[in-house]
S.K.: 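This is the structure I have questions about; it appears just below.
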Protein chains: 2
Amino acid sequence: MSKSEVVELPVLQDGGVVPCCPPITAGELSQADAEKMAAMFKALSDPVRLRLFSKIASHPGGEACVCDIADVGVSQPTVSHHLKKLREAGLLTSERRGTWVYYQVAPSVVAAMAAMLDLRS
Amino acid sequence: MSKSEVVELPVLQDGGVVPCCPPITAGELSQADAEKMAAMFKALSDPVRLRLFSKIASHPGGEACVCDIADVGVSQPTVSHHLKKLREAGLLTSERRGTWVYYQVAPSVVAAMAAMLDLRS
DNA sequence: CCAGCGTATCGACAGGCATCGAAGCAAGGA
DNA sequence: TCCTTGCTTCGATGCCTGTCGATACGCTGG
């Protein structure tokens, strides 16, 4: 299947600038909004995924090769599984360059999360 | 077990002001930090819990009676189960006042999340 | 003291998910 | 052409969790 499968990004609208959901403190969440936000939080609700995400996010340029981040204490297939989950949640994008596959932090993801938390400073 | 069981708040230190973990983009997360953050995100990774939390957070004073928020489409025991999860995650506190039980958003929770997201405004 | 209401816990069940080894696919070098 | 290396997918397994009905607990009013 590779990368052609777009899973209709849960947390970001097409532009990537407008958050999907109103702030969590702005009123009662609709069922649909709650499900979108839950999907995003669920993607970050695993320690392994959190460590993978932070390793990528803290790399220069917000991107890293799998081989650079695979050391998180679980087997290599499991790492691949978690990266796929993060990709499906719209938090990461992936790109093959020759032998290696690079993962990048999807743009505006952090801003979308900030909007959910009502942190328009 | 009842409520005397304190689950050593995952995301907030004793004072409640200092976040537990470095920003997610500041470098590689330690195993311990990743587990604390994951526990918090996991608490918010369910649509029902998200709706309950937002209902409480959007109530005046950041507090609400269970009877005011219980209409989220699941049975009463399930609502109670989810509120317990949010309490154990340190996101909510509860207090009995006469017949009713009131839940409040734990102070500084949102600030702690903001710190994780590297949003030092 | 008892009946009634609001909330929490219990026990059970089904579905979801993290994990692994094995196998498959892609790219590059001998 | 084959082998090696990097990554993904597959199938199986065991644990975790969301859900419910039944039941227990706490409080208030009669």
Side-chain angles (χ1 to χ4, degrees), chain A residues 1-5 7 10 31 34-35 37-53 55-56 63-89 92-104, chain B residues 1-7 10 31 34-35 37-53 55-56 63-89 91-104:
Chain A
M1 48 182 69
S2 77
K3 84 187 68 173
S4 62
E5 187 173 323
V7 202
Q31 180 71 23
E35 285 175 2
M37 292 179 62
M40 166 165 197
F41 284 126
K42 178 171 284 184
L44 292 174
S45 70
D46 183 275
V48 173
R49 284 199 288 273
L50 228 29
R51 295 186 70 191
L52 289 171
F53 187 85
K55 281 193 174 198
I56 296 171
E63 88 168 19
C65 168
V66 174
C67 55
D68 289 331
I69 60 175
D71 183 24
V72 285
V74 294
S75 70
Q76 191 276 324
T78 302
V79 169
S80 190
H81 165 75
H82 284 305
L83 288 172
K84 183 180 182 180
K85 288 273 187 143
L86 288 168
R87 222 190 319 139
E88 289 176 347
L92 296 179
T93 59
S94 66
E95 182 186 353
R96 176 162 218 127
R97 290 207 284 272
T99 304
W100 296 280
V101 175
Y102 289 81
Y103 278 80
Q104 303 97 23
Chain B
M1 49 183 72
S2 77
K3 83 187 61 173
S4 62
E5 187 173 323
V6 180
V7 204
Q31 180 71 26
E35 285 176 2
M37 291 178 62
M40 167 164 196
F41 284 126
K42 178 173 284 185
L44 293 173
S45 69
D46 182 276
V48 173
R49 283 198 290 272
L50 228 30
R51 296 186 72 191
L52 289 171
F53 187 85
K55 281 194 174 197
I56 295 170
E63 90 167 18
C65 168
V66 175
C67 56
D68 289 331
I69 60 176
D71 183 24
V72 286
V74 295
S75 69
Q76 185 272 323
T78 303
V79 169
S80 189
H81 166 74
H82 285 305
L83 288 173
K84 182 180 182 181
K85 288 274 186 135
L86 288 168
R87 223 191 317 140
E88 289 176 346
L91 298 178
L92 295 179
T93 60
S94 66
E95 182 187 353
R96 176 162 217 127
R97 291 209 283 273
T99 304
W100 297 279
V101 175
Y102 288 80
Y103 278 79
Q104 304 96 23

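Throughout, protein chains are lettered first and strands after them, A, B, ... in sequence-line order, and every chain is numbered starting at 1. Everything numeric here is computed off the predicted structure, so don't read it as measured data.
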S.K.: May I have the list of side-chain donor-acceptor pairs in residues 37-46 of chain B shorter than 3.5 Å, sequence neighbours left out?
M.R.:
residue, atom, partner, partner atom, Å
S45(B), OG, K42(B), O, 2.7
D46(B), OD1, V48(B), N, 2.8
D46(B), OD1, R49(B), N, 3.3

S.K.: What I'd like to find out is whether the side chain of V66(B) reaches to under 4.5 Å of the side chain of W100(B), using heavy atoms alone.
M.R.: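 A side-chain contact is absent here, since even the closest heavy-atom pair is not under 4.5 Å.
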S.K.: Can you tell me if S80(A) touches the phosphate of dT8(D), counting only side-chain N or O atoms and a distance under 4.0 Å to OP1 or OP2?
M.R.: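 Yes, within the criterion.
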S.K.: Contact class for Y103(B) vs. all strands (heavy atom < 4.0 Å): base, sugar-phosphate, or nothing?
M.R.: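 Sugar-phosphate: the residue Y103(B), judged by heavy atoms under 4.0 Å, touches backbone atoms but no base.
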S.K.: Between W100(B) (CH2) and dG4(C) (C1'), how many Å, whole number?
M.R.: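 Spelled out: CH2 on W100(B) to C1' on dG4(C) is 13 Å.
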S.K.: Assess whether atom CG of D68(B) is packed by more than 12 heavy atoms of other residues, nucleotides or ligands within 6.0 Å.
M.R.: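 Count over threshold, so yes.
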S.K.: Within this structure, what is the CG-to-P distance between D71(A) and dG6(D), rounded to whole angstrom?
M.R.: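 The distance from CG of D71(A) to P of dG6(D) comes to 14 Å, rounded to the nearest Å.
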S.K.: Quick one: does I56(B)'s side chain get under 4.5 Å of L86(B)'s, heavy atoms only?
M.R.: no
S.K.: Quick one: E95(B) CD to dG26(D) C1', roughly how many Å, whole number?
M.R.: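 That distance rounds to 15 Å.
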S.K.: Given atom CG of L86(B) and atom C1' of dT7(C), what is their separation to the nearest angstrom?
M.R.: 16 Å
S.K.: Using atom CG of L92(A) as one end and atom C1' of dT8(D) as the other, report the distance to the nearest whole Å.
M.R.: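 L92(A) atom CG is separated from dT8(D) atom C1' by 16 Å.
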S.K.: Restricting to non-hydrogen atoms, name the atom on I69(A) and the atom on A64(A) that form the minimum distance, rounded to 0.1 Å.
M.R.: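 What the structure gives for the nearest pair is CG2-CB, 3.9 Å.
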S.K.: For S94(B), which of K84(B), Q104(B), R87(B) qualifies under side-chain contact (heavy atoms from CB on, under 4.5 Å)?
M.R.: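 Testing S94(B) for a side-chain contact (heavy atoms from CB on, under 4.5 Å) against K84(B), Q104(B), R87(B) leaves exactly one candidate, R87(B).
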S.K.: Please write out each protein N/O paired with an N/O of nucleotides 18-25 of chain D under 3.5 Å, distance rounded to 0.1 Å.
M.R.:
residue, atom, partner, partner atom, Å
dG18(D), OP1, R49(B), NH2, 3.1
dG18(D), OP2, R49(B), NH1, 3.2
dG18(D), OP2, K85(B), NZ, 3.4
dT19(D), OP2, H82(B), NE2, 2.4
dC20(D), OP2, S75(B), N, 2.8
dC20(D), OP2, S75(B), OG, 2.9
dC20(D), OP2, T78(B), OG1, 2.8

S.K.: Find the distance R97(A):CZ to dG6(D):P and express it as a whole number of Å.
M.R.: 17 Å
S.K.: Rounded to whole angstroms, how far apart are NZ on K84(A) and C1' on dT19(C)?
M.R.: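 Distance, rounded to whole Å: 15 Å.
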